[in-house]
Visitor: 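Before I ask anything, here is the structure I am working with.
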Amino acid sequence: MSEYTVFWGCTIPLRLPYIEKSTRIVFDVLSTKIHDVDGFTCCPEGVLAKANSEDAFYAGAARNLALCERQGRDVITPCNGCYSTFKETQSHLTTSWRDRDRINTALEAAGESNPEYAENPMKYTGSARVYHMAEYLCDEVGIGAVASHVKRPLNNMRIAVHYGCHMLRPQPAIRWDDALHPTKFESLITALGATVVDYPSKMQCCGGALDRVGARDSSLAFARRKLDDLKINDVDALIVACPSCFLQFDLNQAAMQRAKEQFDIPVFFLSEILALSFGVDKEELGLDGHKVSTDSFFEKWDATKDYNEHLARHFDVSLLNKCNGCRACKDDCPVGKIDPTFRPNDLIQALVEGRMDEAIESAEAFKCVECYNCQELCHSRIGMADTMRTLKELGVARGIGPEAVKTGFEMILDQGVLGAPRASARKKLGLADVPKSGGHALRDVLAALDAEFENKVETNAESEE
């Protein structure tokens, strides 16, 4: 089991405890043990602290990080602001050794009266690695591993993500994903089975910081622009990974709705949507703490239940989601290199998105030659060949597929072999006649299998009665 120190920041434990609850549940599911530590303060929040004292900003962050270092563990935070503060501080104190020495002198002096620090003075070294929760899930746990825990996929759900500025910036200090064109957050949500919707203002700031400095109208204008985009793009929910962004799009959206601006965009924190897809009941997560109703999301999601059960009768849904979320093999299919119209990843995406009939009736799966190149190259040994074969079986059952597949199989059933021997060619080469085919024996075996299957069906039906 992996063990980390968790840094919640101020907003989650004080104002949004249901986000803390879902985050703890997600880490439990992923077998990641998180440790709370006494003595933390505000990270501190950049806009407020730096405006008053840059020293207070760096010293406050360094003290929190020094506490993490004393635990001997790396730290995970589910807050964009705390993440950015810590990464910026680590970057600054790596190059500004004078500031680091001044802060360490102050940390040691402040700890002199504390017996706990008598033999081991408080000191910041930069040794603890800082992860954002999303970064940890994508880069350390792995998107495929996260997807393997999905019990109730978000198939058919149109989800938008909001990165939030401080998950990615300042880019020279963070360097987790492209600061202007990131993809990792979307990949994580796609792995849950959702369709991630792009929209023009995706990378725009939430504007919440303007609320802190008294510019509420401007703050709401930021939120309004993004909510308008989401409404136009018909999304079922917005996913955020920052408590301040959550307040902006949940609390302030509710305030705008009370003023007759109707958006009705349910907002979930990253850990909440993960826990839901892992099969956790919404009542356990305390979602009634949200200010904007999530009913529309659950009404649509519940309506997909029948399709998901139908999908699960034919496919391993967790593997489909894992495969759809990864797509590392999308350019490896040898058939796809010759015929660009054959895109097996797109067929898997169609299954995940509730378009099974479309995937079957396209008959594209018959182009899979079952060479297992994808499985050999897949780091999870999944590949796509088995899914393509199931699609072929479903297609044949509907009378769909190339005529050659039907006639070839009929020939195997009728003659036991594919074609008749060329007697003259064999005689010319001095070869004896081809041994007698076992076609009749094969037909008997298949007939017995059919009878066995029918018996099982009847037995099961009687036991159910």
Side-chain angles (χ1 to χ4, degrees), residues 11-12 15-16 18-19 22-23 26 78-81 132-134 137 153-168 177 182-209 211 219-258 261-277 282 285-301 304 353:
T11 307
I12 290 177
R15 300 183 65 185
L16 308 169
Y18 41 90
I19 289 179
S22 60
T23 303
V26 167
C79 173
N80 282 10
H132 189 285
M133 181 183 182
L137 295 173
L154 297 167
N155 297 343
N156 298 328
M157 302 305 292
R158 291 173 55 80
I159 304 291
V161 304
H162 167 74
Y163 277 84
C165 306
H166 299 112
M167 183 193 284
L168 305 167
D177 200 349
T183 59
K184 291 186 177 182
F185 195 177
E186 285 102 324
S187 298
L188 189 56
I189 302 304
T190 299
L192 307 182
T195 298
V196 176
V197 179
D198 201 7
Y199 58 104
S201 58
K202 180 177 73 178
M203 296 309 300
Q204 176 187 284
C205 173
C206 74
D211 228 351
S219 171
L220 295 182
F222 266 79
R224 185 178 294 111
R225 180 182 173 192
K226 189 174 287 269
L227 292 168
D228 278 338
D229 271 354
L230 299 176
K231 192 79 175 175
I232 291 169
N233 282 278
D234 195 27
V235 305
D236 298 311
L238 173 68
I239 311 297
V240 301
C242 170
S244 292
C245 300
F246 180 86
L247 288 172
Q248 178 74 333
F249 294 116
D250 184 60
L251 180 66
N252 281 341
Q253 180 187 170
M256 286 189 279
Q257 291 189 166
R258 285 194 295 273
E261 292 185 78
Q262 294 304 315
F263 299 104
D264 300 316
I265 307 292
V267 184
F268 293 96
F269 200 77
L270 171 61
S271 54
E272 292 178 325
I273 204 70
L274 284 166
L276 289 168
S277 69
K282 60 183 180 182
L285 298 176
L287 298 183
D288 53 355
H290 289 210
K291 302 304 179 188
V292 174
S293 172
T294 57
D295 288 350
S296 62
F297 173 88
F298 287 106
E299 286 169 6
K300 179 175 178 181
W301 198 30
T304 67
E353 292 181 354

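FYI, side chains are in, hydrogens and waters are out, and symmetry mates aren't considered; it's all heavy atoms of this structure. Numbering starts at 1 and runs along the sequence shown.
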Visitor: Could you state the interatomic distance from CG (L220) to CD (E261), rounded to the nearest 0.5 Å?
Guide: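 Spacing of CG (L220) from CD (E261) equals 8.0 Å.
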Visitor: Looking at H132 and A241, would you say the former's side chain and the latter's main chain have a donor-acceptor pair under 3.5 Å?
Guide: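 Side chain of H132 to backbone of A241, a donor-acceptor pair under 3.5 Å: yes, one is there.
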Visitor: Quick one: which residue pairs count as a side-chain hydrogen bond (donor to acceptor under 3.5 Å, both in side chains) with a foot in residues 231-241, not counting sequence neighbours?
Guide: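 Output for this query lists D236-K300.
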Visitor: Grab the two heavy atoms, one from N156 and one from T304, that are nearest each other, plus how far apart they are.
Guide: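 Minimum heavy-atom separation between N156 and T304: ND2-CG2, 3.6 Å.
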Visitor: How many angstroms lie between OG in S187 and CG in L137, if you round to the nearest 0.5 Å?
Guide: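 The distance works out to 12.5 Å.
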Visitor: Between Q253 (side chain) and L227 (backbone), is there a donor-acceptor pair under 3.5 Å?
Guide: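 The answer is no, because no donor-acceptor pair under 3.5 Å joins these two groups.
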Visitor: So, for F246 and V267, which heavy atoms are closest and what is the spacing to 0.1 Å?
Guide: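 Heavy atoms only, the tightest pair is CE1-O, 3.6 Å.
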Visitor: Any sub-3.5 Å donor-acceptor pair from E186's side-chain atoms to V161's backbone N or O?
Guide: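 Here the side-chain-to-backbone pair does not exist.
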Visitor: Please set out all donor-acceptor pairs under 3.5 angstrom arising from side-chain atoms of residues 291-299, sequence neighbours excluded.
Guide:
from : atom 1 : to   : atom 2 : distance (Å)
S293 : OG     : D295 : N      : 3.1
S293 : OG     : D295 : OD2    : 3.4

Visitor: Do L270 and F185 have side chains that approach each other closer than 4.5 Å (heavy atoms only, starting at C-beta)?
Guide: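 Side chain of L270 against side chain of F185, heavy atoms only: contact under 4.5 Å found.
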Visitor: Could you state the interatomic distance from NZ (K226) to CD (Q248), rounded to the nearest 0.5 Å?
Guide: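 Here the rounded value is 10.5 Å.
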Visitor: Mark yes or no for whether Q262, through its side chain, and Q257, through its backbone, hold a donor-acceptor pair below 3.5 Å.
Guide: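 At least one qualifying donor-acceptor pair exists.
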Visitor: From S22 OG over to L287 CG, what is the distance, rounded to the nearest 0.5 angstrom?
Guide: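 Going from OG on S22 over to CG on L287, the span is 8.0 Å.
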Visitor: Under 3.5 Å, side chain of D177 to main-chain N/O of K184, donor-acceptor pair present?
Guide: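 Here the side-chain-to-backbone pair exists.
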Visitor: Should I265 and F249 be marked as a side chain to side chain contact (heavy atoms under 4.5 Å, CB included) after you check the CA-CA gap, both sets of side-chain angles, and the distance that decides it?
Guide: CA-CA 9 Å; I265 307 292; F249 294 116; over 6 Å; no
Visitor: Quick one: pull up CZ in R224 and OG in S219 and give me the separation to the nearest 0.5 Å.
Guide: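 Atom-to-atom, R224:CZ and S219:OG are 10.0 Å apart.
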Visitor: Quick one: are P182 and M203 in side-chain contact, heavy atoms under 4.5 Å?
Guide: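 They are in side-chain contact.
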Visitor: Do I159 and L192 come within less than 4.5 Å of each other through their side chains, counting heavy atoms only?
Guide: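 No, too far: nothing below the 4.5 Å cut-off.
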Visitor: Provide the closest heavy-atom pair for F222 versus C205 in the form atom of the first, atom of the second, distance.
Guide: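 F222 and C205 have their closest heavy atoms at CD2-O, 3.2 Å.
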Visitor: Donor-acceptor pair, distance only, cut-off 3.5 Å: does the side chain of W301 make one with the backbone of P153?
Guide: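 Flag set: sc W301 to bb P153 pair under 3.5 Å.
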Visitor: With heavy-atom distances below 4.5 Å as the criterion, would you say the side chains of I19 and S271 are in contact?
Guide: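 Sidechains of S271 and I19: in contact.
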Visitor: Taking all non-hydrogen atoms of both residues into account, name the closest pair between C242 and F269 and its distance.
Guide: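 Closest pair (atom of C242, atom of F269, distance): N-CE1, 3.2 Å.
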Visitor: Check for a donor-acceptor pair, side chain of H162 on one end and backbone N or O of L238 on the other, with a separation under 3.5 Å.
Guide: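 Pair absent, no side-chain N/O of H162 close to backbone of L238.
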Visitor: Work out which heavy atom in Y163 is nearest to a heavy atom in N80; give both atom names and the distance.
Guide: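 Heavy atoms only, the tightest pair is O-ND2, 2.9 Å.
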Visitor: What heavy-atom pair brings P78 and M133 nearest, and what distance separates the two atoms?
Guide: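 Heavy atoms only, the tightest pair is CA-CB, 4.0 Å.
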Visitor: Quick one: CE on M167 to SG on C245, what's the gap to the nearest 0.5 Å?
Guide: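 So the CE of M167 and the SG of C245 are separated by 8.5 Å.
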Visitor: For side chain to side chain contact (heavy atoms under 4.5 Å, CB included), just list the numbers for D250 and V240, CA-CA rounded to whole Å, side-chain angles, deciding distance to a tenth of an Å, and then say yes or no.
Guide: CA-CA 10 Å; D250 184 60; V240 301; over 6 Å; no
Visitor: Does the T195 side chain pair with the main chain of R158, one donor and one acceptor, at a distance under 3.5 Å?
Guide: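 Pair absent, no side-chain N/O of T195 close to backbone of R158.
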